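Below: the structure, in structure tokens.
Small disclaimer: the values here were computed from a predicted structure and weren't measured. Reckoned from all heavy atoms, side chains included, excluding hydrogens, waters and symmetry mates.
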Amino acid sequence: MPIITLADGSKREFSNAISAYDVAADIGAGLANAALAAKVNGELVDLSTSITNDATLSIITSRDEEGIEVIRHSTAHLMAQAVKRLFPKVQVTIGPVIENGFYYDFSSEHHFTEEELEKISEEMKKIVKQQLPVERQVISRNDAIKLFENMGEKYKAEIIRDIPEGETLSLYKQGEFIDLCRGPHVPNTSKLKVFKLMNVAGAYWRGNSDNEMLQRIYGTAWGDKKDLKDYLFRLEEAERRDHRKLGKRMSLFHFQEEAPGMVFWHPGGWSLYQSVQQYMRKKLTLRDYHEVNTPQIVDFTLWQRSGHADKFGDDMFSVESEGRKFAVKPMNCPCHIQIFNQGLKSYRDLPLRLAEYGSCHRNEPSGALHGLMRVRGFVQDDGHIFCTEGQIQSEVSEFIDFLHEIYQDFGFTDIIYRLSTRPENRVGSDEIWDKSEQALAQALDNKGLEWQELPGEGAFYGPKIEFSLKDCLGRVWQCGTIQVDFSMPARLDATYIGEDGNKHVPVMLHRAILGSFERFMGILIEHHAGNLPFWLAPVQAVVMSITDAQAAYAENIYNVLQNKGFRVKLDLRNEKIGYKIREHTLEKCSYMLVVGNKEMENGTVTLRNLKGETVGNFTESELLEFFRKEQSEKN
RNA sequence: GCCGGCAUAGCUCAGAUGGUAGAGCAACUGACUUGUAAUCAGUAGGUCCGCAGUUCGACUCCGCGUGCCGGCACCA
């Protein structure tokens with residue numbers, strides 16, 4: 001006689017075991033119709049699940065986040081069924097839910113085309129119309145292996161073989177299609193109405209590049225049509241922010257074939273770059289960093305000693321001269337140790353913070369290049385903190401505060417924190433790794449930050465915290481980082497004299513806030529959709545005249561602003577004011593200063609911002625005051 | 001690097017089935033002296049990514065290369 005407690009706290013008693021679906025039907029036909037899955041005692045299950053004992057129950061519909069996930073998961077199965085109908089030779093592999101949708105990986109000689117996505121989509125709609133019930137069935141591991149082998153699905157069989165013996169597995173069957181799956185799923189294919197297949201891509205079996213390349217079809221699925229429409233609209237909006245498009249339109253930078261992955265910065269882009277760099281310089285000084293500069297090209301032996309050549313030798317650009325092999329530096333840390341090593345250091349010198357806007361080159365795989373986000377030539381806001389073991393905690397903590405301050409100033413508050421721990425290929429003892437990982441985890445916890453662990457993703461010399469931001473399409477890019485390194489200083493003979501009069505090896509913290517300037521520019525451009533805040537805008541103001549009569553007056557205002565250090569342009573062209581405004585708006589110039597006869601008579605300018613609002617009429621001194629205030633917000 | 005796609009004027013893009021290219025915007029010239037997102041007219045502009053090949057003939061078809069795009073893998 002199960003007593004079922006519903007989400008609203010009400011209780012219902014039933015005389016026999018009852019399915020979640022029947023409870024929904026008992027509550028109301030509308031709910032039964034909307035029901036996709038159920039949550040029994042907090043566990044997400046199929047609607048067909050039979051409830052035999054007292055339990056709490058909530059019915060999951062497309063209004064619940066979990067309901068949407070069930071839809072996406074079931075839509076992945078639906079797509080696999082359609083693919084198998086159209087391409088019987090194809091083998092299925094896995095089809096998980098991802099943010100905003102799902103994918104399914106197929107093994108197939110035949111390569112799917114974009115047009116075939118249409119056909120697959122049509123077939124999916126047919127299956128929806130057939131209203132096939134989706135049935136769960138429990139099966140033993142051995143029977144499952146046999147079943148899929150008989151179907152010729154060797155990938156599924158392989159997946160099951162990797163599941164520990166004795167575990168019960170579940171199958172889901174809809175019509176002729178059977179898939180191994182944990183579930184839960186919608187009760188019937190008729191529930192899957194709002195989806196769109198997005199694109200085809202290659203993906204390695206089990207994510208390993210030594211394995212076969214499968215074909216992945218990405219799709220999106222939603223609870224109702226409006227949500228799908230909104231999603232597709234958001235995608236379009238996002239594409240409009242793409243830094244590669246804006247960079248071209250605003251003439252900030254370009255790439256060309258002769259220098260793949262390396263940026264040609266145009267005046268506007270370089271202005272932005274310089275604004276960011278000068279801002280960082282001020283901030284670093286306030287935090288007791290000392291800026292240095294080290295060679296671009298350094299003998300390969302140094303990279304061998306540091307351990308980089310072993311792991312990354314092939315990814316370094318190298319040059320040869322008089323029989324010596326040099327590497328174009330891929331990073332700055334070994335060079336900073338060389339500076340540390342000059343002269344005897346005392347514990348009193350620690351922590352010693354060295355910073356460099358170090359230009360680095362890495363021969364990234366061609367397929368990895370992506371606009372400004374992933375390049376071969378870049379500059380880091382790099383820094384290395386040499387300290388004692390006891391200073392790690394406070395240095396990391398201070399660094400996180402520093403990073404937050406900087407991100408805040410640039411308008412970033414949505415930060416993803418991740419801790420990458422020891423990889424298989426590494427240097428240093430396990431004790432040292434234990435200590436380093438704990439130090440970083442504790443620093444994050446002390447700040448009350450929510451973080452995620454990435455096991456095995458650390459650098460070869462130490463664990464790291466990664467601070468990531470998202471691009472316009474939701475792709476996550478690492479910008480900031482702090483890494484604990486107990487190994488490299490020893491490899492490169494760094495020592496200091498401790499309180500005890502003996503030599504000790506310092507700990508080195510590798511750290512960056514922006515990461516690479518290039519990537520950060522990309523993120524900045526997308527974050528602001530090109531409408532950079534005043535203090536960063538390549539062109540802060542354009543002075544424009546209505547007719548020739550105001551030319552001298554306009555030029556004077558232009559000169560005053562320029563002499564005060566603002567980035568200004570003058571537009572005296574014989575064009576209509578609407579034409580000039582349109583052009584400078586598209587160029588994303590922060591303020592437009594219009595001068596006509598009215599302004600000339602009153603000794604003012606009319607200020608218009610990028611949103612198209614008239615800010616007001618300003619005299620010369622009022623204007624300077626206004627701009628100074630805008631500028632000083634961040635500097 | 002791997003799988004797939006793409007590469008035409010400064011930019012955005014048209015150009016079935018092979019017959020050596022076209023629009024809009026931008027540029028240039030001229031007229032217009034203009035009040036808050038496009039004034040009008042005219043002119044010029046192309047090794048159709050590169051290299052080979054098939055063909056009487058290739059922007060178009062085949063091959064190789066390069067770059068870019070979407071993923072995957074990689075990311076000190």
Would you say the ring centroid of A:Tyr231 lies under 6.0 angstrom from that of A:Trp222?
-> yes

At under 4.0 Å between heavy atoms, what does A:Thr547 touch on the DNA or RNA strands: base, sugar-phosphate, or nothing?
-> base

NA contact type, A:Tyr218, heavy-atom cut-off 4.0 Å: base, sugar-phosphate, or nothing?
-> sugar-phosphate

5'-most by nearest nucleotide on RNA chain B - A:Lys248 or A:Glu257 = A:Lys248

Scan A:Ile577 against the nucleic acid and name what it touches under 4.0 Å (heavy atoms): base, sugar-phosphate only, or nothing.
-> sugar-phosphate

According to a 3.5 Å limit on both distances, what stems of 3 or more consecutive Watson-Crick or G-U pairs are formed with RNA chain B?
-> B:1-7 with B:66-72, B:10-13 with B:22-25, B:27-31 with B:39-43, B:49-51 with B:63-65

Distance below 4.0 Å between A:Lys576 side-chain N/O and B:rA37 OP1 or OP2 | no

Assign the ring pair A:Phe255 / A:Phe253 to parallel, tilted or perpendicular, where the plane angle (0 to 90°) is split at 30° and 60°.
-> perpendicular

A:Phe312 stacking on B:rA76: centroids under 5.5 Å, ring planes under 30°?
-> yes

Salt bridge (charged side-chain N to carboxylate O under 4.0 Å, His left out) with A:Arg582: which residues, sequence neighbours excluded?
-> none

Could you state the CG-P distance from A:Leu214 to B:rC2, rounded to the nearest angstrom?
-> 17 Å

What ring-ring contact (aromatic ring centres under 6.0 Å, His included) pairs are there with at least one residue in residues 596-620 of chain A, not counting sequence neighbours?
-> A:Phe618-A:Phe626

Does A:Glu236 pair with A:Arg240 as a salt bridge, N-O distance under 4.0 Å?
-> yes

For B:rG70, does OP1 or OP2 lie under 4.0 Å from any side-chain N or O of A:Arg475?
-> yes

Between A:His308 and A:Glu114, just flag the one whose closest nucleotide in RNA chain B comes earlier from the 5' side.
-> A:Glu114

Ring centroid separation A:His110 to A:Phe87 under 6.0 Å = yes

B:rA44 and B:rC51, which share atom name P, separated by this distance in whole Å = 28 Å

Any idea how A:Phe467 and A:Tyr417 line up, ring-wise: parallel (<30°), tilted (30 to 60°), or perpendicular (>60°)?
-> perpendicular

Any A:His111 side-chain N or O less than 4.0 Å from OP1/OP2 of B:rG4 = yes

Give a yes/no answer on whether the side chain of A:Arg582 brings an N or O atom under 4.0 Å of OP1 or OP2 in B:rU36.
-> no

Roughly how many Å is it from OH in A:Tyr204 to C1' in B:rG4, rounded to a whole number?
-> 13 Å

What is the ring orientation for A:His308 with A:Trp303, classed by angle as parallel under 30°, tilted 30 to 60°, or perpendicular over 60°?
-> perpendicular

Which is true for A:Pro330 with a 4.0 Å heavy-atom rule: it touches a base, it touches only sugar-phosphate, or it touches nothing?
-> base

Which parts of residues 603-613 of chain A get close to RNA chain B, meaning a heavy atom less than 4.0 angstrom away?
-> A:Thr606, A:Arg608

Check the distance between B:rC75's P and A:Met331's CE and give it to me in whole angstrom.
-> 13 Å

Can you tell which of B:rU36, B:rG70, B:rC72 lies closest to the side chain of A:Ile581?
-> B:rU36

Euclidean distance, atom NE2 of residue A:His370 to atom C1' of B:rA73 [Å, nearest integer] = 16 Å

Can a side chain N or O of A:His254 be found less than 4.0 Å away from OP1 or OP2 on B:rG10?
-> no

With a 3.5 Å cut-off and just heavy-atom distances, do the side chain of A:Tyr579 and the base of B:rG35 make a donor-acceptor pair?
-> no

Residue set satisfying side-chain contact (heavy atoms from CB on, under 4.5 Å) with A:Asp571, at least two apart, ordered chain then number -> A:Val542, A:Met544, A:Arg573, A:Lys580, A:His584

B:rU33, B:rC3, B:rU36: which one has an atom nearest the side-chain heavy atoms of A:Asp548?
-> B:rU33

Would you indicate what A:Asn597 reaches in the nucleic acid, counting non-hydrogen atoms under 4.0 angstrom: base, sugar-phosphate, or nothing?
-> base

Are the aromatic ring centres of A:Tyr591 and A:Phe627 under 6.0 angstrom apart?
-> yes

Which part of the nucleic acid, if any, lies within contact of A:Glu466, taking any heavy atom under 4.0 Å across all strands shown: a base, the sugar-phosphate backbone alone, or nothing?
-> nothing

Sugar-phosphate only, base, or nothing, as touched by A:Gly578 at under 4.0 Å among non-hydrogen atoms = sugar-phosphate

Hey, is the side chain of A:Arg216 poking within less than 4.0 Å of OP1 or OP2 on B:rA73, counting only N and O atoms?
-> no

Base, sugar-phosphate, or nothing for A:Asp315, non-hydrogen atoms under 4.0 angstrom?
-> base

Across the strands shown, which category fits A:Lys245 at heavy-atom distances under 4.0 angstrom: base, sugar-phosphate, nothing?
-> nothing

Cation over ring face, A:Arg72 and A:Phe102, 6.0 Å, 45° | no

Quick one: label A:Asn199 by what it contacts on the DNA or RNA (base, sugar-phosphate, nothing), any heavy atom closer than 4.0 Å.
-> sugar-phosphate

Which residues within residues 355-368 of chain A lie with some heavy atom under 4.0 Å of an atom in RNA chain B?
-> A:Arg362, A:Pro365, A:Ser366, A:Gly367, A:Ala368

Quiz item: A:Arg374 side-chain donor-acceptor pair to B:rC75 base, under 3.5 Å | yes

Is any side-chain N of the basic residue among A:Glu437 and A:Arg422 closer than 4.0 Å to the acidic one's carboxylate O?
-> yes

For atom C1', what is the distance between B:rC6 and B:rA76, given to the nearest Å?
-> 33 Å

